[in-house]
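Atoms considered below: every heavy atom in the structure, side chains included; atoms not considered: hydrogens, waters and symmetry mates.
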Amino acid sequence: MNDLGSMPVETHAVIPEPATCRLAADAMGLAEAARLLAAGRLVAFPTETVYGLGADATDPAAVARIFAAKERPRFNPLIAHLPDASSARAQGEFDAAALSLAEAFWPGPLTLVVPAHERTTVCDLARAGLPSLALRVPASALAQDLLARVGRPVAAPSANRSGRVSPTSAGHVLGDLDGRVAAILDGGATPVGLESTVVACLGGAPRLLRPGGVPREAIREVLGIAMADAEADDAARPVGPGLLASHYAPRARVRLDARRIDPGEAALLFGSDPVPGLAAARAAINLSPRGDASEAASRLFAALRDLDASGAAVIAVAPIPMTGLGEAINDRLKRAAAPR
């Protein structure tokens, strides 16, 4: 493996695009998106979780454009997306736990961090110089079609500026990256609305690096054991994506576990319980009046963007239970509220 620090790839200069093209989710749009990716250009595309910012994961120069467009630290590894499990297994070494999880949840919102195969084609820059790599097979039929057309791994972190709220529509992508990417494949709103769950299978017990679209309880049922959580130093030198302490952040400050709304704050609500002070809120969105965590997850990032656009200095977030997808929702909100 090469030392990432010695790599000659420049990752800071943004290569401007004359215009970001919005491609329809049809045969012509897919063909053009695949052509651009094969040519080393950046293309945003929808998965079932959020929109990803895609580049040829085998091409260091193309991957460098992701880091530049997102203004993302290059020590933060990227997820390589494949059209099917067999293609993913050709890139990494899967132990028994990884094989069980892949069989249970692929295609779907699960990323597995596994040792890189000696013949992996995912470049060092996409792996952040690590001997491991992050792999996912998305459930979106549109994403699978695109990946099959490209015929090689596609690195695709969320299609937004680093640290900001993840995009769940083509419009969100344009708001952050217009003029920085060649094209957006517009597949409408993404149904899950939260990034994938990330599990490390690197020897020993599997570790939950990031809660996401597959709940912890479902993974425990497959493995038959409880997973360990991310280690304390993972944020300093991430072994997988989504581990930075400050992430998914709107411009407004985020106040968690809000039992009342102060005048002028924007309110992010959950469930039907009344919240004192709501009448004086600058804006309010209820993620799920019926208290459904899946509905709340699908609306979270769009709601954060809309409340941020209200101009409120603070977004007050009502308590959300930690069960099921609630763990992933609370994880994203905690990172959004972290000091920047």
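At a threshold of 4.5 Å between non-hydrogen side-chain atoms, the residues D56 and V150 do not count as touching. For the pair V122/T58, no side-chain contact is recorded, criterion being any heavy-atom separation below 4.5 Å from C-beta on. At least one side-chain heavy atom of R332 sits under 4.5 Å from a side-chain heavy atom of L300. For the pair Y51 and L177, the minimum side-chain heavy-atom distance is 4.5 Å or more. Within the 4.5 Å cutoff, the side chain of S158 has heavy atoms near those of the K70 side chain. Counting heavy atoms from C-beta outward, P167 and D176 have side chains that stay 4.5 Å or more apart. Between F301 and L194 there is a side-chain heavy-atom pair separated by less than 4.5 Å. Using a 4.5 Å cut-off on side-chain heavy atoms (C-beta onward), P250 and I315 make contact.
Taking every heavy atom of both residues into account, N160 and S166 meet most closely at OD1-CA, 3.8 Å. Scanning both residues, L42 and A55, for their nearest heavy atoms gives CD2-CB, 3.6 Å. Here the closest non-hydrogen pair linking L325 and P215 is CD2-CG, 4.0 Å. The two residues L135 and G92 come nearest to each other via the heavy atoms CD1-N, 4.2 Å. In terms of heavy atoms, P319 sits closest to A258 at CD-O, 3.5 Å. Across every non-hydrogen atom of R149 and A34, the tightest pair is CB-CB, 3.8 Å.
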Side chain to side chain contact (heavy atoms under 4.5 Å, CB included) between L269 and L278, intermediate numbers included: CA-CA 10 Å; L269 308 174; L278 185 59; 3.9 Å; yes
For F105 and I219, what are the C-alpha separation, side-chain angles and deciding distance, and is it a side chain to side chain contact (heavy atoms under 4.5 Å, CB included)? CA-CA 9 Å; F105 299 114; I219 294 172; 4.1 Å; yes
Do T20 and V173 pass the side chain to side chain contact (heavy atoms under 4.5 Å, CB included) test, and can you show the C-alpha distance, the side-chain angles, and the key distance before you say yes or no? CA-CA 10 Å; T20 294; V173 179; over 6 Å; no
Between E327 and L208, does a side chain to side chain contact (heavy atoms under 4.5 Å, CB included) hold up when you go through it step by step? CA-CA 12 Å; E327 181 182 16; L208 179 64; 4.0 Å; yes
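Residue pairs that meet the side-chain hydrogen bond (donor to acceptor under 3.5 Å, both in side chains) test with at least one member in residues 25-35, sequence neighbours left out, are E32-R35.
Between the R305 side chain and the V165 main chain, a donor and an acceptor come within less than 3.5 Å of each other. Judged by distance alone, the side chain of D262 and the main-chain N or O of E265 form no donor-acceptor pair under 3.5 Å. Between the side chain of R136 and the backbone N or O of G108, at least one donor-acceptor pair lies under 3.5 Å. Here the side chain of T197 pairs a donor or acceptor atom with the backbone of G212 at under 3.5 angstrom. N286 places a side-chain N or O within 3.5 Å of a backbone atom of G271 that can act as its donor or acceptor partner. Looking at S310, its side chain does come within 3.5 Å of a backbone N or O of L307 through a donor-acceptor pair. No donor-acceptor distance shorter than 3.5 angstrom exists from the side chain of S272 to the backbone of R290, with no hydrogens or angles considered. In this structure a side-chain-to-backbone donor-acceptor pair under 3.5 Å is missing from E195 to T49. Proximity of a side-chain donor or acceptor of R207 to a complementary backbone N or O of A200 within less than 3.5 Å is not detected. Here the side chain of Q144 pairs a donor or acceptor atom with the backbone of P138 at under 3.5 angstrom.
The CD atom of Q91 lies 11.0 Å from the OG atom of S86; values are rounded to the nearest 0.5 Å. Taken from CG in D292 to CZ in F270, the straight-line distance is 7.0 Å, to the nearest 0.5 Å. For the atom pair CZ of R22 and CD1 of I184, the computed distance is 6.5 Å after rounding to the nearest 0.5 Å. Expressed to the nearest 0.5 Å, how far CZ of R164 lies from CG of L304 amounts to 14.0 Å. Between the CD1 atom in I261 and the CZ atom in R282 there is a gap of 14.5 Å [rounded to 0.5 Å]. In this structure, the separation between CG on L101 and OG1 on T111 is 12.0 Å, given to the nearest 0.5 Å.
A salt bridge does not link R65 to D59: none of the charged side-chain nitrogens sits closer than 4.0 Å to a carboxylate oxygen. With respect to the salt-bridge test (charged N to carboxylate O, under 4.0 angstrom), the residues R210 and D331 do not qualify.
Scored by the side-chain contact (heavy atoms from CB on, under 4.5 Å) test, S169 finds H172 as partners (sequence neighbours excluded). In this view, S140 and E48, L142, A143 satisfy the side-chain contact (heavy atoms from CB on, under 4.5 Å) rule, not counting sequence neighbours.
There is a path of hydrophobic side-chain contacts, each under 4.5 Å, that joins L256 to L287. Follow the hydrophobic side-chain contacts under 4.5 Å out from V314 and you never reach V317; the two are in separate clusters. A continuous path of hydrophobic side-chain contacts links V50 to I329 [ILVMFWY only; heavy atoms under 4.5 Å]. Linking Ile, Leu, Val, Met, Phe, Trp and Tyr whenever their side-chain heavy atoms come within less than 4.5 Å puts F94 and L110 in one cluster. Hydrophobic clustering of Ile, Leu, Val, Met, Phe, Trp and Tyr side chains at less than 4.5 Å, counting indirect connections, unites L223 with V214.
Within 6.0 Å of CD on E217 lie more than 12 heavy atoms contributed by other residues, nucleotides or ligands.
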